[in-house]
Structures are given as structure tokens and as C-alpha cells.
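The block underneath contains the structure these notes are about, expressed in C-alpha cells.
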Amino acid sequence: MSLASLGHDTRPRLSQAPVPPNPTLPKLRIAAAGCRACDLWKRGTQTVFGEGSRHAPVMLVGEQPGNDEDLAGRPFVGPAGRLLDQALAAAGIDRSETYVTNVVKHFKWEPRGKRRIHNKPNWTEIGACLPWLHAEIQTTRPRVIVCLGATAAQALFGKSFRVTVERGKVLPSLLAPYVVATVHPSSILRAPDDETRHREMRLFIRDLMKAAEVLALSDERPSAP
Ligand code: SF4
């Protein structure tokens, strides 16, 4: 399975991340810690690699680590991660059955006073980092991939992909038997008022329930003889 073989011509170009041959998750984690394939390593505290079981049936893919994740060296441990945990529980997905990661493994930020403010990764940075995600997918072979937000979805499906249009649908892909896209949990945290936040949370849970539904379907599939 190769991203380059999937024919999505608007996907970012792959670059030279030092992905080791015959990778395992521990090998990937060590190699990614020394990655210099784009300039983001200069500003991030550390590489924030994916986390979870090698046999996790569900892979959750976000955009990039945030401030808390950059400091902790772990994905989805800040406020967005806590909201994700709540939504997963409401959708009936056990977080221990998930592998969580990001398209970009270093925190891209800009200073604003004493704060470090999230800065969206550009297409070159996404392309430079994508081999790590590709290797994580090949190593864990998830049954369901959930793209959290436009950056993750566009990295896998191309720039023209619109989460607002495609969210909650099962999308055709060679990356996994089932791929579902939804919003990034941080977008719910940025909702302007409680009513909007509650509504967006309900929609987010609904999208994750679609992932839970197809996961249950794949559990029921007879194994190959
Ligand atoms: S963001 Fe990705 S490609 Fe860029 S240096 Fe970090 S790990 Fe390497």
C-alpha cells in the first residue's frame, strides 16, 4: 500500500523523512525523534509521535501536536484530547482500542506575548511528515481510520476534500477498510457560545458513532479461510 499509488493528485508530495526499513512502532518512534525533514523541528520541543497499541483497530489522525502535547511529548493530552476522550466514550469507542497520531509530528507555533499560538502547517510541511503517518498505518493496519479535521483529511484525500461536505461518511480508500472524516476536537473548543458547542459536540459524537458502527461490522465479518 503506498500513498503515491492511490492516485490522489492533490495530495502533498512525499519527502525524505528517515523512515527505517521493516519498521516497528518502537523503531519508528526512535527514528522520528531525529527527523529533520522540514524546519518544524527547530521550534518544537520534541517530535510527538503516535501512541497506542500496534493492534488497535481504530486510528485517529489529527493535524499536529498543540502546546500541551509538545511539552508532554504525547498526542492529544491537552484540552482537545480530553474532549476527544469524552466524545469517544459517548460514541462507544474505548480509547485503549485506538492509536492516536497526527499528520505533522512537530508543533508549529508563533509567539504572541508569552504564549505560543498554533500555526497551521503548510503543504510542504505536511508532505515532509506524511511518510511517518504512512509508516504508522502500514505498521498498525487499522480497520478504521478517523481523520480529525481538514488537515488530516486533505493529507489523505487531497486539497479539494471538504470535511463540511464529507463528514460522517464512510470514504473509499486503500489505506484502511473504512475511513471516516470529522472535525478536529479543537474546533469544538473554539465554538463561540455554549449552544454552538453542544451542537458541534453532538455532531462530532455522531461522526464517531459511524466509525464505531463500521468497526462493529468489521468485527462481524467472517475471517478468510
Ligand atoms: S514535522 Fe515531521 S517532517 Fe518536519 S521535522 Fe518534524 S517529524 Fe520531521
Side-chain angles (χ1 to χ4, degrees), residues 1-65 69-70 72-77 96-108 121-149 151-159 161 171-181 215 218 223-224:
M1 179 172 54
S2 157
L3 286 178
S5 70
L6 299 183
H8 298 298
D9 57 359
T10 57
R11 284 169 300 129
R13 193 171 58 79
L14 302 187
S15 181
Q16 293 303 307
V19 177
N22 306 314
T24 61
L25 288 179
K27 275 195 205 173
L28 287 170
R29 177 181 293 276
I30 290 167
C35 181
R36 304 288 185 266
C38 77
D39 285 343
L40 293 186
W41 68 273
K42 295 176 183 170
R43 305 196 78 184
T45 304
Q46 56 196 314
T47 305
V48 180
F49 204 68
E51 192 174 86
S53 164
R54 136 110 178 73
H55 303 290
V58 180
M59 175 179 280
L60 303 164
V61 184
E63 179 192 81
Q64 63 164 344
E69 288 79 11
D70 170 75
R74 298 178 56 206
F76 285 101
V77 294
S96 69
E97 289 202 328
T98 67
Y99 181 92
V100 290
T101 191
N102 287 295
V103 169
V104 170
K105 312 296 195 219
H106 272 100
F107 178 34
K108 183 176 181 182
N122 63 37
W123 207 237
T124 302
E125 293 153 350
I126 291 168
C129 214
L130 202 52
W132 294 117
L133 177 62
H134 189 197
E136 287 173 296
I137 293 171
Q138 284 191 321
T139 305
T140 60
R141 297 197 175 279
R143 298 209 300 274
V144 184
I145 295 176
V146 181
C147 298
L148 299 169
T151 299
Q154 290 180 351
L156 298 186
F157 289 101
K159 265 183 181 172
F161 188 91
L171 304 162
S173 173
L174 297 180
L175 298 173
Y178 302 102
V179 181
V180 176
L215 179 62
S218 73
S223 346

Could you tell me whether Glu125 and Lys108 have a side-chain N and a carboxylate O separated by less than 4.0 Å?
yes

In terms of side-chain geometry, is the basic nitrogen of Lys105 or Glu136 positioned less than 4.0 Å from the acidic oxygen of its partner?
yes

Taking the side chain as every heavy atom from C-beta outward, state whether [X] and [Y] have any atom pair closer than 4.5 Å.
{"X": "Leu156", "Y": "Leu175", "result": "yes"}
{"X": "Pro18", "Y": "Trp132", "result": "yes"}
{"X": "Gln154", "Y": "Trp123", "result": "yes"}

Before giving the answer on side chain to side chain contact (heavy atoms under 4.5 Å, CB included), spell out for Leu28 and Val19 the whole-Å C-alpha distance, their side-chain angles and the decisive distance to 0.1 Å.
CA-CA 7 Å; Leu28 287 170; Val19 177; 3.9 Å; yes

Kindly say whether [Y] contributes a backbone atom to a donor-acceptor pair with the side chain of [X] at under 3.5 angstrom?
{"X": "Arg141", "Y": "Ala176", "answer": "no"}
{"X": "Asp70", "Y": "Thr45", "answer": "yes"}
{"X": "Glu69", "Y": "Val77", "answer": "yes"}
{"X": "Asn102", "Y": "Val104", "answer": "no"}
{"X": "Thr47", "Y": "Ala32", "answer": "yes"}
{"X": "Ser53", "Y": "His55", "answer": "yes"}

Locate the shortest heavy-atom distance separating [X] from [Y]; write the atom from each residue and the value.
{"X": "Ile137", "Y": "Pro142", "result": "O-CD, 3.6 Å"}
{"X": "Val103", "Y": "Ala152", "result": "CG2-CA, 3.5 Å"}
{"X": "Pro23", "Y": "Pro20", "result": "CD-O, 3.5 Å"}
{"X": "Lys27", "Y": "Pro21", "result": "NZ-O, 3.8 Å"}
{"X": "Arg29", "Y": "Gly50", "result": "NH2-O, 2.6 Å"}

Could you measure the distance from the [atom1] atom of [X] to the [atom2] atom of [Y]? Nearest 0.5 Å is fine.
{"X": "Phe157", "Y": "Cys147", "atom1": "CZ", "atom2": "SG", "answer": "5.5 Å"}
{"X": "Ile126", "Y": "Leu40", "atom1": "CD1", "atom2": "CG", "answer": "10.0 Å"}
{"X": "Met59", "Y": "Leu133", "atom1": "CE", "atom2": "CG", "answer": "6.0 Å"}
{"X": "Phe161", "Y": "Leu171", "atom1": "CZ", "atom2": "CG", "answer": "4.5 Å"}
{"X": "Thr98", "Y": "Glu51", "atom1": "OG1", "atom2": "CD", "answer": "9.5 Å"}
{"X": "Gln138", "Y": "Asn22", "atom1": "CD", "atom2": "CG", "answer": "11.0 Å"}

So Phe107 and Gln46, side chain to side chain contact (heavy atoms under 4.5 Å, CB included) or not? Walk me through it.
CA-CA 8 Å; Phe107 178 34; Gln46 56 196 314; over 6 Å; no

After noting the C-alpha distance and the side-chain angles of Val58 and Leu215, does the key distance pass the side chain to side chain contact (heavy atoms under 4.5 Å, CB included) rule?
CA-CA 8 Å; Val58 180; Leu215 179 62; 3.6 Å; yes

Check against side chain to side chain contact (heavy atoms under 4.5 Å, CB included), Thr101 and Leu60:
CA-CA 6 Å; Thr101 191; Leu60 303 164; over 6 Å; no

